[in-house]
Amino acid sequence: MTTSAAVPTGSEGAITNGGTVTDRLVAANQRYAAEFADPGMDARPVLKVAVVACMDARLDLHAALGLQLGDCHTIRNAGGVVTDDVIRSLTISQRALGTRSVVLIHHTGCGMESITEDFRHDLEMEVGQRPLWAVEAFKDVDQDVRQSMQRVRTSPFLLHTDDVRGFVFDVRTGALREVDPA
């Protein structure tokens, strides 16, 4: 299996003469756009589902869940935690774009388990300004999935809170394990 982290072979993927990773991405987009055909899709997800997951680069959500382009809305952040901004995105997803189900995915070996809320304090000491956001670090991934499910289920802004399920993705096996909400 190849990943984007693999060292490019040949000149096609190489970063040369001071080029940046962004330059590599822009070049890849130019190749993509040259062969792009408008799929003629609407912004509404075909499966009427929104997936909230961690931003961890090891999670290939579409492959892991058997999804195709246009199937779902994907909302990602550090930890896959349901924050105010996730509620904002879910509200727009449901109320304006028709989603009805929410799938929450945390994962094993998450970096959010190895930091603490002191991260905010350290940032404040370094830059002289306290971040307005909470770190949302956690020690127990299952409990954090439960908390995220509860935040979705109790939000007054969301229309559809009956089909909310939470999972932990195992980064070593690729398997999902469902978390009991109780």
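No hydrogens, no waters, no symmetry mates; every other heavy atom, side chains included, goes into these values.
Atom CZ of Arg58 is separated from atom SG of Cys110 by 8.0 Å, given to the nearest 0.5 angstrom. The distance from atom CG of Leu158 to atom CD1 of Ile87, rounded to the nearest 0.5 Å, is 5.0 Å. Between the CZ atom of Arg44 and the CG atom of Leu97 there is a distance of 6.0 Å, given to the nearest 0.5 Å. Note that CG of Leu132 is 10.0 Å distant from CZ of Arg130, once rounded to the nearest 0.5 Å.
Checking side-chain atoms of Asn29 against main-chain N and O of Ala33 turns up no donor-acceptor pair under 3.5 Å. One N or O on the side chain of Arg151 and one on the backbone of Val82 form a donor-acceptor pair closer than 3.5 Å. Judged by distance alone, with hydrogens and angles left aside, the side-chain atoms of Ser93 form no donor-acceptor pair with the main-chain N or O of Thr99 at under 3.5 Å. Remark: side-chain polar atoms of His106 are not paired, donor with acceptor, to backbone N or O of Gly166 under 3.5 angstrom. With hydrogens and angles disregarded, a donor-acceptor distance shorter than 3.5 Å links the side chain of Asp23 to the backbone of Thr20.
Contact between Thr83 and Glu136 at its shortest, heavy atoms only, is CG2-CG, 4.2 Å. Pairing each heavy atom of Ala43 with each of His73, the nearest pair is O-NE2, 3.2 Å. Shortest non-hydrogen contact noted between Arg95 and Leu159 is NH2-CD2, 3.4 Å. Contact between Phe157 and Thr91 at its shortest, heavy atoms only, is CB-OG1, 3.4 Å. Across all their heavy atoms, Ser114 and Gly111 have their closest contact at OG-O, 2.8 Å. Taking all atoms of both residues into account, the shortest heavy-atom contact from Met41 to Leu69 is CE-O, 3.1 Å.
Residues Val103 and Asp163 form no side-chain contact, since every pair of their non-hydrogen atoms from C-beta on lies 4.5 Å or further apart. Side-chain contact between Val51 and Leu65: present, with at least one pair of heavy atoms (C-beta onward) separated by less than 4.5 Å. Side-chain contact between Leu104 and Met149 is present, with at least one heavy-atom pair separated by less than 4.5 Å. Proximity of Phe169 to Cys54: side-chain heavy atoms (C-beta onward) are nowhere separated by under 4.5 Å. Counting only heavy atoms from C-beta outward, the side chains of Arg177 and Asp170 never approach each other to under 4.5 Å. Using a 4.5 Å heavy-atom threshold, the side chains of Val135 and Thr116 count as separate. Using a 4.5 Å cut-off on side-chain heavy atoms (C-beta onward), Phe138 and Val81 make contact. Using a 4.5 Å cut-off on side-chain heavy atoms (C-beta onward), Asp71 and His62 make no contact.
A single hydrophobic cluster is seen to contain both Leu123 and Met112, as judged by linkage of ILVMFWY side chains at heavy-atom distances under 4.5 Å, directly or through other members. Val141 is connected to Phe119 through a chain of hydrophobic side-chain contacts under 4.5 Å among Ile, Leu, Val, Met, Phe, Trp and Tyr, so both are in one cluster.
No more than 12 heavy atoms of other residues, nucleotides or ligands lie within 6.0 Å of CD in Gln68, so this atom counts as exposed by the packing criterion. Atom CZ of Arg165 has 12 or fewer neighbouring heavy atoms from other residues, nucleotides or ligands inside a 6.0 Å radius. For Tyr32, the OH atom is loosely surrounded, since the number of other residues' heavy atoms within 6.0 Å does not exceed 12. Within a 6.0 Å radius of CZ in Arg100, other residues, nucleotides and ligands contribute 12 heavy atoms or fewer. Atom CG of Asp84 sits in a sparse spot, with 12 or fewer heavy atoms from other residues, nucleotides or ligands closer than 6.0 Å. For Met125, the CE atom sits in a loose shell: 12 or fewer heavy atoms of surrounding residues, nucleotides or ligands are nearer than 6.0 Å. For His121, the NE2 atom counts as loosely surrounded, since its 6.0 Å shell holds 12 or fewer non-hydrogen atoms of other residues, nucleotides or ligands. More than 12 heavy atoms of other residues, nucleotides or ligands lie within 6.0 Å of CD in Glu178, so this atom counts as buried by the packing criterion.
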I'd like to know whether Val52 forms a side-chain contact (heavy atoms from CB on, under 4.5 Å) with Leu90, so could you lay out the CA-CA distance, the side-chain angles of the two residues, the decisive distance to 0.1 Å, and finally the verdict.
CA-CA 9 Å; Val52 178; Leu90 287 172; 4.1 Å; yes
Begin with the C-alpha distance, continue with both residues' side-chain angles, and end with the deciding distance and a verdict on side-chain contact (heavy atoms from CB on, under 4.5 Å) for Leu47 and Leu67.
CA-CA 9 Å; Leu47 299 179; Leu67 296 168; 3.7 Å; yes
Does the pair Arg146 and Gln143 meet the rule for a side-chain contact (heavy atoms from CB on, under 4.5 Å), with working shown?
CA-CA 5 Å; Arg146 283 186 202 93; Gln143 181 54 34; 3.4 Å; yes
Show, in sequence, the C-alpha distance, side-chain angles and deciding distance for Val152 and Ser148, and conclude whether the side-chain contact (heavy atoms from CB on, under 4.5 Å) test is met.
CA-CA 6 Å; Val152 171; Ser148 289; 5.8 Å; no
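Arg76 pairs in a side-chain contact (heavy atoms from CB on, under 4.5 Å) with only one of the listed residues (Leu59, Ile105, Val86), which is Leu59.
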